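Keep in mind that what you see is a predicted model, and the values were worked out from it rather than measured.
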Amino acid sequence: PSADHLTGPIRQRDITQAVNIMKTMNTGRKTLLALAVSSVMAGWSVNSFATDTPVGPPDLSGDWTVNEGESFTSENGSVISQTLDSKATITNNGTISGKVHAINVLNGGRLNEVRNNDNGLISSETGAAIYVEDGGTIGYIKNNGTIVGGMVGDEQVAIDIRLDKKSKKQQVWLGDTPGKGGTVEGNIYLNNALNTAVYIYGSESDKAVFDGVKISGAKNINNGSKDHAGYLLLKAQDTTIEFDLALQDGSKGKFTHQSGSGLEFELSGDLCDTPEDESPCTTAVLDVNGDMEFKGDNTIYVTGEIEKVAGKHTLVTADKITGFEDNMVQGTWMTDVQVIGTGSDGSIEVEVTYNEELDPNELISNAGSHGADATEQAVLGAFAGIIAASENLEITRDSITFTGEKADVLGELTNLLTNGGVG
């Protein structure tokens, strides 16, 4: 689990990394700038973990709250092993972390709700973070914080409640309240009952994030509600993300985007590597085993590792897609996205290209709006200005050569960065 921050001045090793990459590129100005930006941005991620403290109660007869700053761990099994038939609610503002499971509901056990709030972390190492065994039951899982699943074989599983045969209305919420998101790292399994659902809240500024490759056993996945829009970010994977909405009775559900809701596809380039002049990669980023519906005023964003996203991509395959319009698809401040293929057969294909013109002042403004401080904005703006003004730019496989009056300025900037002059 990590929290991304843009803090303080740029570190020397980040800039050195960016400069080294720039020296080996055999691409044009736009890709060169994209690489410089993404390389530096990648160095601004830090990891944060809570401190271990003794394990919590193994069985709950009533509600249990973990306060912010508290951490309950189990180095052998589960923090909570629920055997009581209770209507207890777990509210987590701290850390619940188990070797096998964080929360385990056993045969005969029952929990009404697990609520993981903003600063909450629920995690495991060798099993699902939240797990229901055969004969156990759990009602609602609402996540505004972070749930990190453990490895089950070669699969990371965050939530596995498919063995719950009692609950007829399972609900998993990615984001708890309208406008507030949360992160789930690992796959999600529900019990295929007719009223099971995944609800997605969040907003563009506080996203509901799914960092896994499968959601299965839900009748419906709802991005937003009738009264509130939602926002879902699908983190980049090296395999297709599957939303399996097939139910026990043979019917299939629907992935619905309520009015005003947003869907963001993060691409890494690892899913499919297709030259720009060839057909789109036929490996879909998302495959919906069911229908997909857009209710109107929706936006689809295509983002990711800036230097790797260019090309043609199949964003979605589904049994049927309704309500989609080409103008829903948007790029970023450095990329353009055009829809190149759609169909009632249920697919959306796009082509991602770099913006033909990138004004240095626009770059500075956008970097600032994404959290860069004044020093970071100045460095990126200076480099963009040099690229934009260079009339004689020669790029080979091993070097980038600037000639003309801007060459000395670039040299001074590069020396400043590599010698630790910034920060």
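Sorted by first and then second residue, the side chain to side chain donor-acceptor pair (under 3.5 Å) pairs involving residues 148-166 (not counting sequence neighbours) are Thr137-Asp164, Glu155-Asn187, Glu155-Tyr189, Asp160-Arg162, Asp164-Gln170. Among residue pairs with one or both ends in residues 129-161, those qualifying as ring pair (Phe, Tyr, Trp, His ring centres under 6.0 Å) are His101-Tyr131; sequence neighbours excluded.
When all heavy atoms of Gly62 and Ala88 are compared, the closest pair comes out as O-CB, 3.3 Å. Tyr201 and Gly175 get closest at one heavy-atom pair: CD1-O, 3.5 Å. The two residues Ala158 and Glu185 come nearest to each other via the heavy atoms CB-O, 3.6 Å. The heavy-atom pair separating Gly127 from Val152 by the smallest distance is CA-CG2, 3.8 Å.
A search for side-chain contact (heavy atoms from CB on, under 4.5 Å) contacts involving Asn144 returns Asp118, Asp176, Thr177, Lys180, not counting sequence neighbours. A search for side chain to side chain donor-acceptor pair (under 3.5 Å) contacts involving Asn192 returns nothing, not counting sequence neighbours. For Thr299, the side-chain contact (heavy atoms from CB on, under 4.5 Å) criterion is met by Tyr301, Gln330, not counting sequence neighbours. Every residue two or more places apart in sequence or in another chain was checked for a salt bridge (Lys or Arg N to Asp or Glu O under 4.0 Å) with Glu325, and none qualifies. For Phe210, there are no ring pair (Phe, Tyr, Trp, His ring centres under 6.0 Å) partners two or more places apart in sequence or in a different chain. With sequence neighbours excluded, no residue satisfies side chain to side chain donor-acceptor pair (under 3.5 Å) with Ser167. Residues forming a side chain to side chain donor-acceptor pair (under 3.5 Å) with Glu68 (at least two apart in sequence, or on another chain): Asn119. The salt bridge (Lys or Arg N to Asp or Glu O under 4.0 Å) check on Glu293 picks up Lys254, Lys295, with sequence neighbours excluded. Under the rule for a salt bridge (Lys or Arg N to Asp or Glu O under 4.0 Å), Asp297 has no partner lying at least two apart in sequence or in another chain. Residues satisfying the side chain to side chain donor-acceptor pair (under 3.5 Å) criterion with Lys142, sequence neighbours excluded, are absent altogether.
Residues Asn143 and Val184 form a side-chain contact, since some pair of their non-hydrogen atoms from C-beta on lies under 4.5 Å apart. By the 4.5 Å heavy-atom criterion applied to side chains, Val339 and Phe324 are counted as neighbours. Counting heavy atoms from C-beta outward, Gln171 and Thr196 have side chains that stay 4.5 Å or more apart. Side-chain contact between Asn112 and Ile138 is absent, with no heavy atoms from C-beta onward closer than 4.5 Å. Side-chain contact between Lys252 and Asn289 is present, with heavy atoms from C-beta onward closer than 4.5 Å. Two residues are said to be in side-chain contact when any heavy atoms from C-beta on lie closer than 4.5 Å; Leu271 and Val285 meet this criterion. For the pair Val309 and Val302, the minimum side-chain heavy-atom distance is 4.5 Å or more. Side-chain contact between Thr342 and Asp326: present, with at least one pair of heavy atoms (C-beta onward) separated by less than 4.5 Å.
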Practice task
Dump the intermediate steps for side chain to side chain donor-acceptor pair (under 3.5 Å) on Glu264 and Thr303, then the final yes or no.
Solution key: CA-CA 7 Å; Glu264 180 176 341; Thr303 64; 2.7 Å; yes

Practice task
Walk me through it: do Asp287 and Thr317 pass the test side chain to side chain donor-acceptor pair (under 3.5 Å)?
Solution key: CA-CA 5 Å; Asp287 177 61; Thr317 54; 2.7 Å; yes

Exercise for the section: List the steps, then state whether side chain to side chain donor-acceptor pair (under 3.5 Å) holds for Ser61 with Ser86. Expected result: CA-CA 6 Å; Ser61 58; Ser86 166; over 6 Å; no

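Note: Glu305 CD to Glu266 CD = 7.5 Å, rounded to the nearest 0.5 Å. Remark: Ile159 CD1 to Leu174 CG distance equals 7.0 Å, nearest 0.5 Å. Atom CG of Asn191 sits about 13.5 Å away from atom NZ of Lys169, to the nearest 0.5 Å. Once rounded to the nearest 0.5 Å, the distance linking CG of Leu194 with OG of Ser251 reads 6.5 Å. Annotation: the span from Arg115 atom CZ to Ile122 atom CD1 amounts to 11.5 Å, rounded to 0.5 Å.
Between His257 and Phe255, the ring planes lie tilted relative to each other; the angle falls in the 30° to 60° range. In this structure, Trp64 and Phe72 have perpendicular ring planes: the angle between them is above 60°, well past the 30° mark.
When only modelled atom types and interatomic distance are considered, Asn93 and Asn67 share no side-chain donor-acceptor pair under 3.5 Å. Lys219 and Asn195 form no side-chain donor-acceptor contact under 3.5 Å, judged by distance and modelled atom types alone. Side-chain atoms of Glu133 and Asn104 include a donor-acceptor pair closer than 3.5 Å.
With Leu263 as reference, Leu234 is the one residue of Asn298, Val329, Leu234 to meet the side-chain contact (heavy atoms from CB on, under 4.5 Å) rule.
Ser124 places a side-chain N or O within donor-acceptor distance of the main-chain N or O of Ala129, the cut-off being under 3.5 Å.
For Lys99 and Glu125, the salt-bridge test passes: some basic side-chain N is under 4.0 Å from an acidic carboxylate O.
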